[in-house]
Amino acid sequence: MAIILYARKSIERENSISCETQLEYCKSAIKPDEKDEKVLTFIDNGFSGANINRDGFQQMMKLVRQDKVSKVIVYKLDRISRSLSDFVNILQEFKTHKVEFVSSQESFDTSSPYGEMIVKILMIFAEFERTSIINRITQAYAHRSEMGFYMGGRKPYGFELVPTVIHNIQTKKLSPIPSEIEQIRYIYEIYAQENVSLQRLLNILDAENKMPLNESNWSTAKLSTILKNPIYVKADSDIYDYYERHGVQMINDVSMFTGEYGAQLYGHSKHKPDSPDWSDMKLVLLTHNGIIDSDIWLKCQRKLEKNKQITNSYSNQTSWLSGKVICEKCGHTMTTIKGKVNKNGEMRRYFNCTGKTHKKICTGTKVSIYAEDLENMVYDCINEKLSDLKEAKHVTTKDHSAEVNDLKLKIKAIEKSEKQLMDTMLSGGFNEDLLSLANQKATQLKKDRLALYGRIDELKDMDNETDVVVNLAKSWKTADYNRKKEVAMIMIHQIIISEDGSTKIIWNI
């Protein structure tokens, strides 16, 4: 049997007692008749007492469960745990394995019923103090957020933190970094276009070598985070309406949403793609200028919420050049097949002659013709041909102004009904049964009003009849898989692949 001395320290502080000093106090609690007992020490340096996932503690408990421990001595009670539930369970386990528990500084010994009772009482106060600290920090955070302070965390891309004074308090504010902000604007501009998915956006940035300027890399997750962040938007009344309809608590009055400043969303989100629930979230205006117009920002939000995944050549198993690639040696078409996974874990597609695989009359090319490489080469050639061309495009859509106006009138009528219902409820004009029905009616009115707002948002995406001039080369940059295949069918007659892998494009135009 052994006596265990246990010490824990959460973080290094100038005035906090070290683990080594704790152990010295623990040694002083060993009784004279225990001097010949085997003594083991376990230390957890840099671990919080909020949970028991600590290496030293777990090693100690393993010996306890093996009935190899007679006593555990600590400097103070909270060195074992700051959680009452954990502490009570630990005491119960000590009791089961006949292990005494001693605190050297608080003079309590669980070998007596009185000592065990007092230990539990002390731990109640230890947990209460910890909860109080957390509550004070949370309240201070909320208060500073509501005052428009940037509350730290990972600095959003496009900004740096500069010293400032808000309400006579020294703090920091976001200040734009021009070169990074230019990239942010480009990201929103491209994603707001029709048929551009997050993956396609990522491919465009990679193809144009628009890498982040902080020596990192783009990913669809990073791009999604940027596109969802109200830090970048010029927060106006439309942004206020958007978040209010999603149940977000609005800290500032709508009159302050002038389209000048960016905003910050904070709190605990229960947001799910199919059923957004932001009721625990808050939105507050910050002190920096927004950079993205609200109409573009909202268009991106609607795309993200619908989560449309546009098929493109990088995810498609076939190629948008299928049917156009010809083997020069035998005259048969070449189709794409999957190759083996390379050392980077990628499975590349490549073109193979059907005269070789199906007809058995050709030996094919002597080199691998990777689909992605050929697509990129042809892509650049088409882009070059389109660079000087422009197309007048006539777009005809239904004029929805009358429908939008009708929806707004319905919303006004609902808002009037909501006000009348609320006034009656506040005046005490309903008994208990009627009050329950009134609450149900109020809930339904709100649901109807939000549905009408959602319909208005959908109609805003539909333009009125207009004539536009489209730069074909620019449109080609954002073309999806189907559009590329259509263009290739029109512009290209054949792509001839020789035995040595050289390529010749025969154009229709």
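Fair warning: this is a prediction, and the values are worked out from it, not measured in the lab.
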Looking only at heavy atoms, what is the nearest atom pair of [X] and [Y], with distance?
X	Y	value
Asp206	Met211	OD1-CE, 2.9 Å
Tyr243	Lys228	OH-O, 4.0 Å
Ala235	Ala263	CB-CB, 4.4 Å
Tyr453	Glu415	OH-OE2, 3.6 Å
Glu160	Lys155	CA-CD, 3.7 Å
Tyr188	Tyr232	OH-CD1, 3.8 Å

Practice item. With sequence neighbours left out, write down each residue that passes salt bridge (charged side-chain N to carboxylate O under 4.0 Å, His left out) with Glu208, or none if nothing qualifies. Key: Lys477
Review point. Do the two ring centres, one from Trp218 and one from Tyr157, sit under 6.0 Å apart?
Key: yes
Side chains of [X] and [Y]: closer than 4.5 Å at any heavy-atom pair?
X	Y	result
Tyr350	Ile369	no
Tyr186	Leu205	yes
Pro212	Lys222	no
Leu201	Ile187	yes
Ser319	Glu375	yes
Asp238	Asp295	no
Leu304	Ser224	yes
Pro230	Ile239	no

Revision key, fill the gap. The ring pair (Phe, Tyr, Trp, His ring centres under 6.0 Å) partners of Tyr261 (sequence neighbours excluded) come to none
Other residues, nucleotides and ligands only: do more than 12 of their heavy atoms fall within 6.0 Å of [atom1] on [X]?
X	atom1	answer
Met489	CE	no
Tyr370	OH	no
Lys76	NZ	no
Glu182	CD	no

Review point. Are Ile492 and Ile382 close enough, and set up right, to give a side chain to side chain contact (heavy atoms under 4.5 Å, CB included), and what steps lead you there?
Key: CA-CA 9 Å; Ile492 298 175; Ile382 292 177; 4.1 Å; yes
Separation between [atom1] of [X] and [atom2] of [Y], rounded to the nearest 0.5 Å:
X	Y	atom1	atom2	value
Met256	Asp253	CE	CG	8.0 Å
Gln249	Leu265	CD	CG	11.0 Å
Ile495	Met377	CD1	CE	6.5 Å
Phe257	Met250	CZ	CE	4.0 Å
Lys324	Asn508	NZ	CG	5.5 Å
Leu283	Leu286	CG	CG	8.5 Å

Review point. Cationic tip of Arg54 within the cone over Phe57's six-membered ring, i.e. under 6.0 Å and within 45° of the normal?
Key: yes
Review point. side-chain contact (heavy atoms from CB on, under 4.5 Å) with Arg185: which of Ile291, Asp293, Ile296?
Key: Ile291
Practice item. Please name the residue in the list Arg449, Lys447, Lys441 that meets the side-chain contact (heavy atoms from CB on, under 4.5 Å) test with Leu445. Key: Lys441
Can a donor-acceptor pair be found, under 3.5 Å and without considering hydrogens, that links the side chain of [X] to the backbone of [Y]?
X	Y	result
Gln58	Ile52	yes
Asn376	Glu372	yes
Arg8	Asp44	no
Asn252	Leu285	yes
Asn203	Gln199	yes
Gln183	Ser179	no
Lys303	Val196	yes

Review point. Which is it for Tyr191 and Leu223 under the side chain to side chain contact (heavy atoms under 4.5 Å, CB included) test, yes or no, and what are the steps along the way?
Key: CA-CA 10 Å; Tyr191 186 71; Leu223 293 172; over 6 Å; no
Practice item. Go through the steps for Asp236 and Thr258 under the test side chain to side chain contact (heavy atoms under 4.5 Å, CB included), then give the verdict. Key: CA-CA 5 Å; Asp236 57 13; Thr258 60; over 6 Å; no
Practice item. Please step through side chain to side chain contact (heavy atoms under 4.5 Å, CB included) for the pair His288 and Phe159, ending with a clear verdict. Key: CA-CA 10 Å; His288 70 277; Phe159 294 96; 3.7 Å; yes
